[in-house]
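Written below as structure tokens is the structure these notes are about.
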Amino acid sequence: MSNIAYILLGSNIGDREEVMRNAIAMMESRSCRLIASSYIYETESWGFVTDDIFLNQVICIETLLAPHDLLKELLSIEIQLGRDREHHYDTYVSRPIDLDILYYNDIVLNDDDLILPHPKLHLRRFTLMPLCDVAPNMMHPVLCLSNSDLLARCEDTLMVKRYK
């Protein structure tokens, strides 16, 4: 059975566009089919201070992988693309790539290693703006609001603007 997942990509170190392209290509080579992608956005860092501006994008994929298996693949891709999670796992830091599962079907899950939908999705404009490019009317299964409604209610004021 195939599943639909929404993935947030973020990068603020190195060739950000290239790293994000490589991450998508690696997902496609690992049981994921790209269905849709948002515009790319330039965004200020959320949760920490840095001069390095992020690029963020949301993609919609179809996959046969179960949620935890998809997470393992995304973490593996992050490591292959230069992400060091060992020393900074509990803090926000600059990084070459960050891959977060925002939604996986309409599953609600709260495990030690995976929470679905993403627990901070509704708090971040850098997540909601690209998510609304690909799924504006999708309903958050816990908050019972569409992504567009979540964006309209979001109090985050950090810079998020379309890239190029």
Side-chain angles (χ1 to χ4, degrees), residues 1-46 53-81 83 95-109 114-154 156 158-164:
M1 179 178 161
S2 65
N3 304 285
I4 301 297
Y6 292 84
I7 311 295
L8 174 68
L9 295 89
S11 176
N12 77 326
I13 295 178
D15 187 341
R16 302 168 299 166
E17 285 181 89
E18 181 67 18
V19 170
M20 289 170 55
R21 274 194 299 273
N22 288 341
I24 293 169
M26 292 170 81
M27 282 184 252
E28 288 185 294
S29 72
R30 299 178 185 200
S31 302
C32 298
R33 183 176 69 86
L34 182 65
I35 295 173
S37 59
S38 74
Y39 293 105
I40 296 174
Y41 291 84
E42 281 188 309
T43 67
E44 289 181 287
S45 60
W46 192 95
I53 297 295
F54 274 87
L55 292 184
N56 288 105
Q57 182 178 31
V58 169
I59 62 171
C60 176
I61 61 168
E62 182 179 40
T63 184
L64 298 174
L65 297 173
H68 286 91
D69 294 331
L70 177 58
L71 177 63
K72 287 177 190 171
E73 288 297 334
L74 295 179
L75 293 174
S76 172
I77 290 169
E78 286 182 347
I79 290 167
Q80 287 181 299
L81 292 174
R83 174 96 187 248
R95 49 210 174 263
I97 191 69
D98 188 27
L99 303 171
D100 292 331
I101 304 172
L102 302 176
Y103 292 116
Y104 182 97
N105 296 331
D106 59 355
I107 289 177
V108 176
L109 182 67
L114 182 59
I115 300 173
L116 295 171
H118 190 286
K120 295 181 181 167
L121 176 157
H122 63 290
L123 302 174
R124 300 168 165 178
R125 285 183 67 234
F126 74 83
T127 300
L128 290 167
M129 286 183 69
L131 185 57
C132 285
D133 288 346
V134 294
N137 299 317
M138 181 178 180
M139 297 297 286
H140 190 291
V142 176
L143 302 176
C144 300
L145 293 168
S146 71
N147 291 324
S148 292
D149 289 337
L150 292 173
L151 178 57
R153 294 172 184 224
C154 183
D156 177 11
L158 293 173
M159 182 271 297
V160 178
K161 66 179 183 178
R162 276 187 39 192
Y163 180 63
K164 292 189 178 179

Please list, one pair per line, the donor and acceptor atoms closer than 3.5 Å that link side chains of residues 129-145 to other protein atoms, with sequence neighbours excluded.
| from | atom 1 | to | atom 2 | distance (Å) |
| --- | --- | --- | --- | --- |
| D133 | OD1 | Y41 | OH | 3.1 |
| D133 | OD2 | Y39 | N | 3.1 |
| D133 | OD2 | Y41 | OH | 2.8 |
| H140 | ND1 | V142 | N | 3.1 |
| H140 | ND1 | L143 | N | 3.0 |

List the atom of [X], the atom of [Y], and the distance in Å for their closest heavy-atom pair.
X	Y	value
I61	I35	C-CD1, 3.9 Å
L99	M27	CD2-CE, 4.0 Å
M26	S29	O-OG, 2.8 Å

Rounded to the nearest 0.5 Å, how far apart are [atom1] of [X] and [atom2] of [Y]?
X	Y	atom1	atom2	answer
H118	D100	NE2	CG	4.0 Å
H122	T127	NE2	OG1	11.0 Å
I101	L121	CD1	CG	12.5 Å
I107	L114	CD1	CG	9.0 Å
D106	I4	CG	CD1	11.5 Å

With sequence neighbours excluded, tell me which residues meet salt bridge (charged side-chain N to carboxylate O under 4.0 Å, His left out) with R33.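 For R33, the residues satisfying salt bridge (charged side-chain N to carboxylate O under 4.0 Å, His left out) (neighbours in sequence not counted) are E62.
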E28: which residues meet the salt bridge (charged side-chain N to carboxylate O under 4.0 Å, His left out) condition with it, sequence neighbours left out? none
Partners of L123 by side chain to side chain contact (heavy atoms under 4.5 Å, CB included), sequence neighbours excluded? W46, K120
For E42, what residues pass the side chain to side chain contact (heavy atoms under 4.5 Å, CB included) criterion, not counting sequence neighbours? R16, I53, L55, K161, Y163
Using the rule side chain to side chain contact (heavy atoms under 4.5 Å, CB included), only one of L102, L150, D156 pairs with L128; which is it? L150
Side chain to side chain donor-acceptor pair (under 3.5 Å) partners for [X], two or more places apart:
X	result
S11	none
Y103	N147
N3	Y104, N105

Name the atoms and distances for all side-chain donor-acceptor pairs under 3.5 Å in residues 65-74, with sequence neighbours left out.
| from | atom 1 | to | atom 2 | distance (Å) |
| --- | --- | --- | --- | --- |
| H68 | NE2 | D111 | OD2 | 2.9 |
| H68 | NE2 | D113 | OD1 | 3.3 |
| E73 | OE1 | R30 | NH1 | 3.1 |

Side chain of R125, backbone of L158: donor and acceptor closer than 3.5 Å?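 Yes, the answer is positive, given that a donor and an acceptor are paired below the 3.5 Å cut-off.
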Is the backbone N or O of S31 less than 3.5 Å from a side-chain atom of T63, with the two atoms forming a donor-acceptor pair by type?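 Indeed, once roles are kept as given, a pair shorter than 3.5 Å links the two residues.
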Other residues, nucleotides, ligands: >12 heavy atoms within 6.0 Å of R153 CZ: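 No, the 6.0 Å shell around CZ holds no more than 12 heavy atoms from other groups.
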Between I97 and I77, is any pair of side-chain heavy atoms under 4.5 Å apart? no
Go through the steps to decide whether R124 and T43 satisfy the test side-chain contact (heavy atoms from CB on, under 4.5 Å), and finish with yes or no. CA-CA 10 Å; R124 300 168 165 178; T43 67; over 6 Å; no
